*Asks:* 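The structure is given below, and queries will be raised subsequently.
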Amino acid sequence: MVTIFNQTQPLISQYTAGILTAHPHLAQLQDLPIIYNRHLDDDLIPILSGGGSGHEPAHVGFVGDGMLSAAIYGDIFTPPTAVNILEALRFLDKGKGVFVIIKNFKADLQEFRKAINLARQEGHHIKYIISHDDISVEPKKSFQMRHRGLAGTILLHKILGAATQKGANLDDLEALAFELATETATIGFATKSATLPNVTLPLFDLADKQISYGIGIHGEEGYRTVPFISSEHLAVEIVNKLQIKFHWQEGEHFILLVNNLGTATDLEQGIFLNDIHQLLELEGLQLPFIKNGKFMTSLDMTGISVTLCRLKNKAWLDYLQAPTNAYAW
């Protein structure tokens, strides 16, 4: 299989150069791996998020009015450095502080926390949330829940970003983020593992016509591998795991986000979305907001993740429907 890139040049800088060309509301901070909204309103609390590359369109695709103020990135599946994160925090803070959204991975937490501590020592007011929406389990550790930050993180980007447009302060954002994060769950599956650029072997072995449930966005293997039967069977497994998490009651309202992990076709994703939607309707759930697309990928992995968020506050729906020029939303 051919991967379209230039072997003698950095992949990520070429990618961001192309994105900046296509989306004039975006700009790069000096020569740093930081992309920001060039139309920032200094009266609003800025929001920063980021992580390793390889998850495109996250996170740069969610920078814009009503979403992220800036995104910072590292190399493939590698978090940005604390030095660069600190520069982003300094740049964004215009006197009102900065809110940060961090995905729950050990390496990411280490770099972001170091930068936040240094920024606070300099007098910057920083608050943050750790996105931990993954409800898959680790079979080698007594099936403990993994709690990684997955596609549910994008709901934090959108809802918190819209809340800032309504004048939310740092304390407001912290309270809203905590409530959202605890009501959001994601689980997915893959039919093909991810492969790093210019590398032949995939990140984990998955035989033809096999499904791995509970995969991660860095090419981590799932908790169970079984033969593929049908899209309906995939949907049943996913819905069962989500029901265990939420213990929902008939009539409850949920946000549904169906995310393409890389190379699933639109045809496959549409069929799967229909199956998921029918099962959730049979459960008696109300789904006033459904989002379907490619939001947080894992390079060329073929798979889909499903995120549900219990709609505890009707304002969240208004925030989701608020306009944004972030190109990936």
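Since this is a predicted model, take the numbers as computed values, not measurements.
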*Asks:* For the atom pair CG (Leu311) and CG (Leu285), what is the distance rounded to the nearest 0.5 Å?
*Replies:* 12.0 Å

*Asks:* About how many Å separate OG1 of Thr307 and CD1 of Ile255, when rounded to the nearest 0.5 Å?
*Replies:* 10.5 Å

*Asks:* Closest approach of Ala151 and Leu257, non-hydrogen atoms and distance?
*Replies:* O-CD2, 3.8 Å

*Asks:* Evaluate the side-chain proximity of Ile12 to Ile76: yes if any heavy-atom separation is below 4.5 Å, no if none is.
*Replies:* yes

*Asks:* Would you give the length of the straight line joining atom CZ of Phe99 to atom CG of Asn169, rounded to the nearest 0.5 angstrom?
*Replies:* 11.0 Å

*Asks:* Would you call the rings of Tyr223 and Tyr213 parallel, tilted or perpendicular, taking 30° and 60° as the class edges?
*Replies:* parallel

*Asks:* Side chains of Asn104 and His147: donor-acceptor distance under 3.5 Å anywhere?
*Replies:* no

*Asks:* Please check if the distance between the ring centroids of Tyr73 and His55 is under 6.0 Å.
*Replies:* no

*Asks:* Under 3.5 Å, side chain of Asp75 to main-chain N/O of Thr78, donor-acceptor pair present?
*Replies:* no

*Asks:* Is Asn84 reaching over with its side chain to a backbone N or O of Pro80, donor-acceptor style, under 3.5 angstrom?
*Replies:* no

*Asks:* Under 3.5 Å, is there a donor-acceptor pair between the Ser298 and His218 side chains?
*Replies:* no

*Asks:* Less than 6.0 Å separating the ring centroids of Phe246 and Phe254?
*Replies:* yes

*Asks:* Looking at Lys294 and Glu56, is there a salt bridge between them, counting it only when a charged N and a carboxylate O are closer than 4.0 Å?
*Replies:* no

*Asks:* Do Asp65 and Gln165 get their side chains close enough for a donor-acceptor pair, meaning under 3.5 Å?
*Replies:* no

*Asks:* Quick one: are Tyr319 and Leu160 in side-chain contact, heavy atoms under 4.5 Å?
*Replies:* no

*Asks:* Please say yes or no: joined through hydrophobic side-chain contacts below 4.5 Å, possibly via intermediate residues, are Leu109 and Phe112 part of one cluster?
*Replies:* yes

*Asks:* Under the criterion side chain to side chain contact (heavy atoms under 4.5 Å, CB included), I'd like the reasoning laid out for Met301 against Lys192: C-alpha separation, chi angles, the key distance, then a yes or no.
*Replies:* CA-CA 6 Å; Met301 179 182 285; Lys192 181 180 76 66; 5.9 Å; no

*Asks:* Centres of the Phe189 and Phe228 rings: under 6.0 Å?
*Replies:* no

*Asks:* Donor-acceptor pair, Gln269 side chain versus Gly293 backbone, under 3.5 Å?
*Replies:* yes

*Asks:* Where do Tyr128 and Ile102 come nearest, in terms of heavy atoms and distance?
*Replies:* CD1-CD1, 3.9 Å

*Asks:* Group every Ile, Leu, Val, Met, Phe, Trp and Tyr by side-chain heavy-atom contacts under 4.5 Å, then state whether Met296 and Ile35 land in the same group.
*Replies:* yes

*Asks:* Any ion pair linking Glu111 and Lys114 (charged N to carboxylate O, less than 4.0 Å)?
*Replies:* no

*Asks:* Is any side-chain heavy atom of Ile276 closer than 4.5 Å to a side-chain heavy atom of Val239?
*Replies:* yes

*Asks:* Rounded to the nearest 0.5 Å, what separation is found between the CG atom of Asp134 and the CZ atom of Phe105?
*Replies:* 7.5 Å

*Asks:* Report the distance from atom CG of Leu299 to atom OG1 of Thr195, rounding to the nearest 0.5 Å.
*Replies:* 8.0 Å

*Asks:* Can you name the nearest heavy-atom pair linking Cys309 to Leu155, along with the distance?
*Replies:* CB-CD1, 3.9 Å

*Asks:* Could you report the tightest heavy-atom contact between Gly97 and Pro46, atom names first, then the distance?
*Replies:* O-CD, 3.1 Å

*Asks:* Under a 4.5 Å side-chain heavy-atom rule over Ile, Leu, Val, Met, Phe, Trp and Tyr, are Trp248 and Ile290 clustered together?
*Replies:* yes

*Asks:* Take Ile217 and Leu261 through the side chain to side chain contact (heavy atoms under 4.5 Å, CB included) test and state the conclusion after the steps.
*Replies:* CA-CA 8 Å; Ile217 58 172; Leu261 283 160; 4.2 Å; yes

*Asks:* Can you find a heavy atom in the side chain of His157 that is under 4.5 Å from one in the side chain of His59?
*Replies:* yes

*Asks:* Does the side chain of Ile304 come within less than 4.5 Å of Leu273's, by heavy atoms?
*Replies:* no

*Asks:* Around Asp266, counting heavy atoms of other residues, nucleotides and ligands shown, do more than 12 lie under 6.0 Å from its CG?
*Replies:* no

*Asks:* Taking atom types as modelled, find out whether Arg148 and Ser136 have a side-chain donor-acceptor pair closer than 3.5 angstrom.
*Replies:* yes

*Asks:* On a heavy-atom basis, which atom in Ser193 and which in Asp300 lie closest, and how many Å separate them?
*Replies:* O-OD1, 4.2 Å

*Asks:* Do Thr186 and Ser305 have a side chain donor and acceptor closer than 3.5 Å?
*Replies:* no

*Asks:* Should the heavy atoms of other residues, nucleotides or ligands under 6.0 Å from CG of Asn274 be counted, would the total exceed 12?
*Replies:* yes

*Asks:* Are there over 12 heavy-atom neighbours, none belonging to His39, within less than 6.0 Å of that residue's NE2?
*Replies:* yes

*Asks:* In terms of side-chain geometry, is the basic nitrogen of Lys127 or Asp171 positioned less than 4.0 Å from the acidic oxygen of its partner?
*Replies:* yes

*Asks:* Is the shortest side-chain heavy-atom distance between Glu252 and His247 below 4.5 Å?
*Replies:* no

*Asks:* What verdict does the side chain to side chain contact (heavy atoms under 4.5 Å, CB included) test give for Ile159 and Leu176, after you've listed the backbone C-alpha separation in whole Å, the side-chain angles of each residue and the deciding distance to 0.1 Å?
*Replies:* CA-CA 9 Å; Ile159 293 174; Leu176 175 57; 4.1 Å; yes

*Asks:* Is the NZ or CZ atom of Lys291 both under 6.0 Å from the centre of the six-membered ring of Trp329 and within 45° of that ring's axis?
*Replies:* yes

*Asks:* According to a 4.5 Å side-chain heavy-atom criterion applied to Ile, Leu, Val, Met, Phe, Trp and Tyr, with indirect links allowed, do Leu44 and Val63 form part of one hydrophobic cluster?
*Replies:* no

*Asks:* Between the side chains of Glu220 and Arg146, is the shortest nitrogen-to-carboxylate-oxygen separation below 4.0 Å, so that they form an ion pair?
*Replies:* no

*Asks:* What's the separation between atom CZ in Arg113 and atom CD1 in Ile85, rounded to the nearest 0.5 Å?
*Replies:* 12.0 Å

*Asks:* State, with a plain yes or no, whether a side-chain heavy atom of Leu26 is found less than 4.5 Å away from one of Arg38.
*Replies:* no

*Asks:* Does Lys94 make a cation-pi contact with Phe91, if we ask for NZ or CZ under 6.0 Å from the ring centre and within 45° of the axis?
*Replies:* yes

*Asks:* Okay, side chain of Ser212, backbone of Gly222: is any donor-acceptor separation there less than 3.5 Å?
*Replies:* yes

*Asks:* Please indicate whether Glu268 has more than 12 foreign heavy atoms, meaning atoms of other residues, nucleotides or ligands, lying under 6.0 Å from its CD.
*Replies:* yes

*Asks:* Begin with the C-alpha distance, continue with both residues' side-chain angles, and end with the deciding distance and a verdict on side chain to side chain donor-acceptor pair (under 3.5 Å) for Asn37 and Ser69.
*Replies:* CA-CA 6 Å; Asn37 179 8; Ser69 306; over 6 Å; no

*Asks:* Using distance alone, with no hydrogens and no angle criterion, decide if Asp133 and Thr184 have a side-chain donor and acceptor under 3.5 Å apart.
*Replies:* no

*Asks:* Is the backbone N or O of Leu32 less than 3.5 Å from a side-chain atom of Gln28, with the two atoms forming a donor-acceptor pair by type?
*Replies:* yes

*Asks:* List the steps and the verdict of side chain to side chain contact (heavy atoms under 4.5 Å, CB included) for Leu89 and His124.
*Replies:* CA-CA 8 Å; Leu89 295 173; His124 299 284; 5.8 Å; no

*Asks:* Evaluate the side chain to side chain donor-acceptor pair (under 3.5 Å) criterion for residues Thr302 and Thr263: first the C-alpha distance (whole Å), next the side-chain angles of each, then the deciding distance (0.1 Å), finally the verdict.
*Replies:* CA-CA 5 Å; Thr302 304; Thr263 56; 2.6 Å; yes

*Asks:* Linking I/L/V/M/F/W/Y whenever their side-chain heavy atoms sit closer than 4.5 Å, directly or via other members, would Ile129 and Leu180 fall into one cluster?
*Replies:* yes

*Asks:* Heavy atoms, side chains only, cut-off 4.5 Å: are Leu118 and Arg120 in contact?
*Replies:* no

*Asks:* If you take all heavy atoms of Ser231 and Asp275, which pair is closest and at what distance?
*Replies:* OG-OD2, 2.6 Å

